[in-house]
Structure formats: structure tokens, C-alpha cells
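Computed from a prediction, not measured in an experiment: that's the story for all the values here. In this chain, residues are counted from 1 in sequence order.
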Amino acid sequence: MSNKNVDVLIIGAGPSGCVAASYLHNNGLKIKVVEKSKFPRFVIGESLLPRCMDHFEEVGLLDCLKEQGFERKDGARFLRGGVVCNFDFSKKHTEGWDWTWQVPRADFDKTITDELIKNGVDIAFEEEVVDVDFNADGTSITTIKNKDGQINKIEAKFIIDSSGYGRVLPRLLDLEKPSELLNQSSIFAHVKDIKRPDGWEGTRITFDVLDTRLWFWVIPFSNGVTSIGYVGPTEFLESFKGTSSEKLTEMLKLSAYYRERFEDVDFLFNPVQITNYSKSVKQLYGKGYVLTGNSAEFLDPVFSSGVTFATESALMAAKLITKSLQNETVDWEVEYSDYIKRGVNVFATYVKEWYTGNLQTLFFHRPENPEIKKQICAVLAGYVWDETNPFVKNHHRLVKAVAHIIDMEKQKSE
């Protein structure tokens, strides 16, 4: 057994852990990143939002990502019946990035970790956190097991849990709590997109809305592979019988728009099923630790918010830890928890109102209101902390109120 002393231990080497690691390393702190998996590895969360480009740029990870030629994402398309709702990120209320990427996460995440390792960051793969002991002052001793079963200890002044779906500290510290969102489940896979149309139609990320709670995603990558998947009520997805491949094959017949394009395609891996995926926690930080990204809260994939929250929370956590270790006063409740929750709450409202149908009413109402669309587009681009945007500041009531007005006008005209 060996012991190692660091300023900050980071659990998880996904975008959240890497953004935090890059910031801390750039600011001269001694860090270590431990990652349970061996990279490259598959993970979901392939559609990014423009907001996270700010984070990659700030910590010096943007250039290495640009070199990879990932599929550019300038907006998103939502279909329902014969109505199309197109969002263009260049036409949004909030100033900021007008584009981002659609990425195979195995390649994307490995690009970032390779860059960090090249820059001298200590990242250990195939190492699992099995226990953490916190001292009264917040310092900690974390027990790590490697792939050979060898046990090591890491002493740290602070821990960032960026373990994503692994949710290491929430499990070890009993921080889990039920999500307030609906019980939705998902089934998804990658396919070789042999019938992909040329041009814009072939590369546009699209959400095909088949029912209020049932939708189909299509995320094309620049390598000819496309991510496809269904999200719907848990009981509906469980009504399909057979293997995961048989289930997804049958479900592909549900999309009139995409049925022919994905008919008889081969899945590049057995489709993955995630049941009741939304998660939450009792608190986002504690003495000596902070939770970031999906370790803290996982909402719903309909607006692709996962990676953006991961990198936003990671960068904020890293900045506050740096201040704290420089003996500056940090109010974790106000500067971290309240801040992150403001953004989470905006997206949570949009998720809830999507599944009530209110947000879908706004998306598919014709004629479109250009100003409202610009304000909603800024939310969909990840700029959910901009309170000059009425659909951010008044998110908890405005979506519902506008949908109600549209419904009232519709009833008058009938």
C-alpha cells in the first residue's frame, strides 16, 4: 500500500472532472484524478450546448477539441407530426457561442484526458474509490482499489466528485434523494448511418416527438455513425418484449420521419437501457467535498443539458476551491449551491413543462413569436443564468402562462 498527498482529489475523468483538473493544474495546485473506467469508453451525453464552449476555452481545452473535426451543432430541430420547430443558436437572446458539437463521447473524453496528461496532470485509470474518511477540518483519506486489487490511500485537502452516473460520494455519504421529475426511461444505440442524406438534413440533431412523453433522438457524428434512442414512460418502454436489440428494432417503426432511414440498420453495440434515469441529492457540497455534474443532479436528456451542467459546476467548484486554499473566504451555499441550483431549476422547469405539454405548445404553435423563440433559444443554448432573459428570470411561471394564452386563443378561434 502507498500513500499520496494532494491538494485536490478529483473522482472521474469525464468533461466535468477534466475541466476542474485543468483549471486547478493551471493555477498551480497539486491534483490527482482517479477514473474507474479505461479510456476510451462509451458513455451517453453526446449533444453539447454552446455554453460549455466557454468552459473549455477558459481552461485551455478548446484547441485540442477543435482539431478532432467533431460534427458542428448550430442548433436543434424538433418535429411533431407535420410541424417543424428549428432553433438556430445564432438567433438567441443571450450573447455567447453560436455553436458547439455533436460528439462520440469515447473520442471526446479521451481527447481531453490525453491533453491533460500531456500537460502533466496525474490521471489514473481503472482505479475505483471504495471508501472515504473525512477529518473534522475537511481533509480526507480516500481508499482506492486498482484493477489488480491493490489498495492505495490518497490524502487530500478537498475532493471533487465528478463521477457522473457512478455518483460515488452520494452513495458513500448517503446523499441520494428521489428526483422530482417523472419516471422516464431510455433505450439507445449507435448505428452506421448508411442512408444518411447529404447536407444539412443528414447532420442536424433532431428530436422527433411522438407523444407528449415519448420522443426519439437522432444525433449524427462526423465519422458516419449516428446515435439514436427513445425516451418515454418507463411502463411504455417495458411493454416491448425481447432482447434490447429486438425492442429498439421494433420501436424504430414508431418514427414515420426516420423509419426508412434506420430500417434494417445494424447496431454497433447492444442497445443500452436506462430505467428511471433522473437523480438528485440532498446537498451539493459538504466539509471538504463538492459534487459536480451528474454526481449532483441528472435531469433529462431532452435538452442536452448534462455536459453543460457538468462543466459549469466543475469550473465553479475549481475556482472556489482555489480561493479557499488561498485562505480566501468562500460562502459555498451562496457562491456554489445557490448558483448551480438556479441553473438546474431553470432546466428542470423546462423538462417538467415539456412533459406537461406546455412547452411543446410554445414550440409548435404557429405562427411563431420571434422574440419568445429567441429567449427560449438562449435557454436551449445553456445560458440559464442570464436573468435579463424573461424565460430564465420567470421560468417557473412564464412557460405555463404563455401556453395558457395560446390555448385560450385557440379555443376562441374554434
Side-chain angles (χ1 to χ4, degrees), residues 15-16 18-19 22 45-79 84-105 107-108 111-112 197-207 217-223 226-227 299 301-316 342-343 346-347 350 354 359 362-363 368-393 395 399:
S16 186
C18 284
V19 164
S22 191
E46 301 150 331
S47 170
L48 310 184
L49 301 183
R51 172 59 180 158
C52 68
M53 305 293 275
D54 295 296
H55 310 140
F56 296 130
E57 183 175 39
E58 183 170 347
V59 301
L61 293 174
L62 192 62
D63 288 344
C64 68
L65 291 169
K66 283 183 174 179
E67 292 171 2
Q68 302 307 306
F70 295 121
E71 189 64 56
R72 184 176 166 120
K73 176 184 172 184
D74 298 299
R77 176 173 65 174
F78 294 81
L79 311 176
V84 180
C85 180
N86 246 317
F87 285 97
D88 178 344
F89 290 144
S90 69
K91 299 174 181 175
K92 63 184 187 304
H93 172 83
T94 307
E95 289 187 10
W97 283 81
D98 291 343
W99 62 276
T100 183
W101 290 296
Q102 296 154 199
V103 298
R105 281 287 302 279
D107 301 336
F108 186 84
T111 298
I112 301 175
D198 292 334
W200 184 88
E201 173 64 33
T203 60
R204 190 64 156 179
I205 180 173
T206 302
F207 302 86
W217 82 65
V218 176
I219 307 174
F221 304 137
S222 58
N223 60 5
T226 292
S227 173
L299 296 172
V302 67
F303 302 124
S304 307
S305 61
V307 172
T308 297
F309 277 129
T311 54
E312 183 86 40
S313 57
L315 185 55
M316 180 59 68
R342 281 203 305 275
V346 173
F347 260 119
Y350 277 68
W354 178 261
L359 190 58
L362 271 63
F363 276 32
E368 293 182 316
N369 181 310
E371 193 58 32
I372 287 177
K373 190 170 184 181
K374 282 172 59 178
Q375 293 166 2
I376 291 176
C377 188
V379 172
L380 301 188
Y383 292 95
V384 290
W385 287 271
D386 175 16
E387 296 205 343
T388 70
N389 183 349
F391 275 83
V392 170
K393 186 174 183 179
H395 65 91
V399 172

Check: After noting the C-alpha distance and the side-chain angles of T388 and H93, does the key distance pass the side-chain hydrogen bond (donor to acceptor under 3.5 Å, both in side chains) rule?
Finding: CA-CA 9 Å; T388 70; H93 172 83; 3.1 Å; yes
Check: What do the steps show when you test F207 against F363 for ring pair (Phe, Tyr, Trp, His ring centres under 6.0 Å), and what is the final call?
Finding: CA-CA 12 Å; F207 302 86; F363 276 32; 9.5 Å; no
Check: Does the side-chain contact (heavy atoms from CB on, under 4.5 Å) test come out yes or no for V379 and N389, once each step is laid out?
Finding: CA-CA 9 Å; V379 172; N389 183 349; 4.0 Å; yes
Note to self: Is any side-chain heavy atom of F391 closer than 4.5 Å to one of L362?
What the structure shows: yes
Check: Ring centroid separation for F78 and W354, is it under 6.0 angstrom?
Finding: yes
Checklist line | salt_bridge(K66, E57) N-O dist < 4.0 Å | finding: no
Notebook entry, point to check: How far apart are the closest heavy atoms of A378 and T94, and which atoms are they?
Noted result: CB-OG1, 3.5 Å
Item checked: Gap between atom CZ of R51 and atom CG of D386 - 0.5 Å precision -> 10.0 Å
Next item on the list: Could you walk me through whether W385 and E312 pass side-chain contact (heavy atoms from CB on, under 4.5 Å), step by step?
Entry: CA-CA 11 Å; W385 287 271; E312 183 86 40; 3.4 Å; yes
Next item on the list: Report the residue from T100, L65, L315 that forms a side chain to side chain contact (heavy atoms under 4.5 Å, CB included) with F56.
Entry: L65
Check: Which heavy-atom pair separates P15 from R105 by the least distance, and what is that distance?
Finding: CD-NH2, 3.1 Å
Item checked: Nearest heavy atoms of T226 and P220, plus distance in Å -> OG1-CA, 3.5 Å
Notebook entry, point to check: What distance do S22 atom OG and H55 atom NE2 have between them, rounded to the nearest 0.5 Å?
Noted result: 13.0 Å
Item checked: Test log, rule side-chain contact (heavy atoms from CB on, under 4.5 Å), inputs D74 and R204 -> CA-CA 8 Å; D74 298 299; R204 190 64 156 179; 4.1 Å; yes
Margin query: For A381 versus L49, what's the shortest heavy-atom pair and its separation?
Written below: O-CB, 3.5 Å
Check: Within 45 degrees of the axis of the six-membered ring of F89 and under 6.0 Å from its centre: does K73 put its NZ or CZ there?
Finding: no
Margin query: E368 and salt bridge (Lys or Arg N to Asp or Glu O under 4.0 Å): which single residue from K373, K374, K91 fits?
Written below: K373
Check: Is the side chain of Q102 donor-acceptor paired with the backbone N or O of T203 at a distance under 3.5 Å, no angle test?
Finding: yes
Next item on the list: State, to 0.1 Å, how close T111 and C64 come at their nearest heavy-atom pair, and which atoms those are.
Entry: CG2-O, 3.6 Å
Checklist line | Pairwise side-chain contact, W99 with M53, heavy-atom cut-off 4.5 Å (strictly under) | finding: yes
Margin query: Could you measure the distance from the CH2 atom of W101 to the CD1 atom of I205? Nearest 0.5 Å is fine.
Written below: 15.0 Å
Note to self: Strictly distance-based, threshold 3.5 Å: is any side-chain N or O of S313 a donor or acceptor partner for the main-chain N or O of F309?
What the structure shows: yes
Notebook entry, point to check: Counting only N and O atoms by type, is there a donor-acceptor contact under 3.5 Å from the side chain of T311 to the main-chain atoms of T308?
Noted result: yes
Next item on the list: Drop me the distance from I112's CD1 to D107's CG, to the nearest 0.5 angstrom.
Entry: 11.5 Å
Margin query: Run the side-chain contact (heavy atoms from CB on, under 4.5 Å) test on R77 and F87 for me, step by step, so that the C-alpha distance in whole Å, both residues' side-chain angles and the decisive distance to 0.1 Å come before the verdict.
Written below: CA-CA 6 Å; R77 176 173 65 174; F87 285 97; over 6 Å; no
Check: Would a 4.5 Å heavy-atom cut-off, applied to side chains only, mark P104 and N223 as touching?
Finding: yes
Notebook entry, point to check: Do side-chain atoms of Y383 reach the backbone of W97 as a donor and acceptor pair under 3.5 angstrom?
Noted result: yes
Margin query: When you compare the side chains of S90 and D98, does any donor N or O come within less than 3.5 Å of an acceptor on the partner?
Written below: no
Next item on the list: Measure the CZ-OH distance between F303 and Y350 for me, rounded to the nearest 0.5 Å.
Entry: 8.5 Å
Next item on the list: Please name the pair of heavy atoms, one in S47 and one in I219, separated by the smallest distance, quoted to 0.1 Å.
Entry: CB-CD1, 4.0 Å
Notebook entry, point to check: Is there a donor-acceptor pair closer than 3.5 Å between any side-chain N or O of S222 and the backbone N or O of G69?
Noted result: yes
Notebook entry, point to check: Does a donor on one side chain sit under 3.5 Å from an acceptor on the other, for S227 and E46?
Noted result: yes
Check: Just by distance, with hydrogens left out, do W217 and T206 show a side-chain donor and acceptor under 3.5 Å apart?
Finding: no
Check: Centroid-to-centroid, F70 to F108, below 6.0 Å?
Finding: yes
